[in-house]
S.K.: 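Structure incoming, see below.
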Amino acid sequence: KKNTSSKKNEISNLTNQIISKTNQISKIQKNLLSNEKNINELINPKNINFQKILNEKKLDGLEGFKISKYKTNEILFSGNYRGLGTAYIDFFNNDEELILTTVDGIFAYTNIKNLKSFTKIQSNISNLITYEDFYTNDQYGIKDILFNENFLYVSLIGQEKEDCHNIKILRSKFNKKNLNFEVFFKTPECVKKTNE
């Protein structure tokens, strides 16, 4: 019982530390956004780097399958309550390459054989999504991506008017240098932030 209580206390303290750090980073990002800058560009303007922490471990009960695990400290914002960082991936180019999108709209790609470094892609997403919560609040942001027939689709929480949000799907012809998104679909009505 003492050990269980101690572990619960330790988990609670770690959770509070994550919340505190997330709030601090959000405040820094808000200040940077007001000057048309983004904290992600300060961390690494060209890449999102990963570190391999588990190398080809065999899986019990799954003959012929192995798992490798990677981690990064270069994805700062989370779309999950109390998470450290959120991103979405999809395959393209006959499953030989991966595209990665962070919850706050950073895009990057890599070859499937090099998962340690994703090259960032410029985009116009900050011109289309201008409300602050998108970049700093875990309830908003990008929710998923889909690569289909040389187009990248991005679903996200949009803001139709102040404190009234909807779902949008943006679309861009895929280009490794620059993604030029346009609104492909949006829900016709928005939901007020204070709606119970």
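Here the structure is a predicted model, which means the values were calculated and not measured. Below, all heavy atoms of this structure are taken into account, side chains as well, without hydrogens, waters or symmetry copies.
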S.K.: With sequence neighbours left out, write down each residue that passes side chain to side chain donor-acceptor pair (under 3.5 Å) with Glu160, or none if nothing qualifies.
M.R.: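 For Glu160 the side chain to side chain donor-acceptor pair (under 3.5 Å) partners, ignoring immediate neighbours, are Asn166, Lys186.
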S.K.: For Gly105 versus Ser123, what's the shortest heavy-atom pair and its separation?
M.R.: O-OG, 4.4 Å
S.K.: Would you say Phe151 ends up clustered with Val183 if hydrophobic residues are merged whenever their side chains have heavy atoms under 4.5 Å apart, either directly or through other cluster members?
M.R.: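 Not linked; separate clusters.
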S.K.: Please determine whether salt bridge (Lys or Arg N to Asp or Glu O under 4.0 Å) holds for the pair Glu74 and Lys120, giving the CA-CA distance in whole Å, both sets of side-chain angles, and the decisive distance to 0.1 Å.
M.R.: CA-CA 12 Å; Glu74 296 182 11; Lys120 288 185 179 179; over 6 Å; no
S.K.: Could you give me the CA-CA distance, side-chain angles and deciding distance for Asn150 and Lys173, then say whether side chain to side chain contact (heavy atoms under 4.5 Å, CB included) is met?
M.R.: CA-CA 6 Å; Asn150 209 33; Lys173 186 102 170 151; 3.8 Å; yes
S.K.: Identify the heavy atoms of Ile89 and Ile145 that sit nearest to each other, and give their distance.
M.R.: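 Here Ile89 and Ile145 meet closest at C-CD1, 3.9 Å.
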S.K.: Does atom CD1 of Ile167 have more than 12 heavy-atom neighbours from other groups under 6.0 Å away?
M.R.: no
S.K.: For the CG atom of Leu152 and the CD1 atom of Ile99, what is their distance to the nearest 0.5 Å?
M.R.: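 It is 4.5 Å, given to the nearest 0.5 Å.
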S.K.: With side chains defined as the heavy atoms from C-beta onward, is the minimum distance between Phe107 and Ile125 less than 4.5 Å?
M.R.: yes
S.K.: Would you name the heavy atoms of Tyr131 and His165 that are closest together and state the gap between them?
M.R.: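 That closest heavy-atom pairing would be CE1-CE1, 3.6 Å.
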S.K.: Decide yes or no for Gln122 and Lys177: does some side-chain heavy atom of the first lie under 4.5 Å from some side-chain heavy atom of the second?
M.R.: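 No; the side chains remain at least 4.5 Å from each other.
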S.K.: Indicate the atoms forming the closest heavy-atom contact of Leu156 with Ile129, along with that distance.
M.R.: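 So the two residues come closest at CD1-CD1, 3.7 Å.
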S.K.: Do Lys46 and Thr119 come close enough that some side-chain heavy atom pair is under 4.5 Å?
M.R.: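 Contact flag for Lys46/Thr119 side chains = no.
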S.K.: Decide yes or no on side chain to side chain contact (heavy atoms under 4.5 Å, CB included) for Asp133 and Gln159, but give the supporting numbers first.
M.R.: CA-CA 10 Å; Asp133 280 339; Gln159 181 174 354; over 6 Å; no
S.K.: Tell me whether Lys69 at atom NZ has more than 12 heavy atoms from other residues, nucleotides or ligands lying less than 6.0 Å away.
M.R.: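 Not more than 12 within 6.0 Å, no.
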S.K.: Does Ile121 belong to the same Ile/Leu/Val/Met/Phe/Trp/Tyr cluster as Phe147, with side-chain heavy atoms less than 4.5 Å apart forming each link?
M.R.: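 Cluster IDs for Ile121 and Phe147 match.
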S.K.: Taking Ile106 as the starting point, is it possible to reach Tyr153 by hopping between hydrophobic residues whose side chains are less than 4.5 Å apart?
M.R.: no
S.K.: Closest approach of Asn180 and Ser172, non-hydrogen atoms and distance?
M.R.: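 Smallest heavy-atom distance, with atoms named: N-OG, 3.0 Å.
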S.K.: When you measure from the side chain of Ser155 to the backbone N and O of Asp144, does any donor-acceptor pair fall under 3.5 Å?
M.R.: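 Flag set: sc Ser155 to bb Asp144 pair under 3.5 Å.
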S.K.: Check whether Leu146 and Phe91 end up in the same hydrophobic cluster, where Ile, Leu, Val, Met, Phe, Trp and Tyr are linked by side-chain heavy atoms less than 4.5 Å apart.
M.R.: no
S.K.: Under 4.5 Å between any side-chain heavy atoms of Leu98 and Ile112, yes or no?
M.R.: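 They are in side-chain contact.
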S.K.: Could you state whether Tyr70 and Phe65 fall into the same hydrophobic cluster, counting links through intermediate Ile, Leu, Val, Met, Phe, Trp or Tyr residues with side-chain heavy atoms under 4.5 angstrom apart?
M.R.: no
S.K.: Is there a side-chain contact between Asn93 and Phe174, using heavy atoms and a 4.5 Å cut-off?
M.R.: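 Contact flag for Asn93/Phe174 side chains = no.
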S.K.: Do you know which two heavy atoms are closest between Leu128 and Phe181, and how far apart they sit?
M.R.: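 The pair with the smallest heavy-atom distance is CD1-O, 3.4 Å.
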S.K.: Ignoring hydrogens and angles, write down the donor-acceptor pairs under 3.5 Å from the side chains of residues 48-62, residues two or more places apart or on other chains.
M.R.:
residue : atom : partner : partner atom : Å
Asn49   : OD1  : Ser117  : OG           : 3.1
Lys52   : NZ   : Asn55   : OD1          : 2.9

S.K.: Got more than 12 heavy atoms from elsewhere within 6.0 Å of CD, Glu96?
M.R.: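 Count over threshold, so yes.
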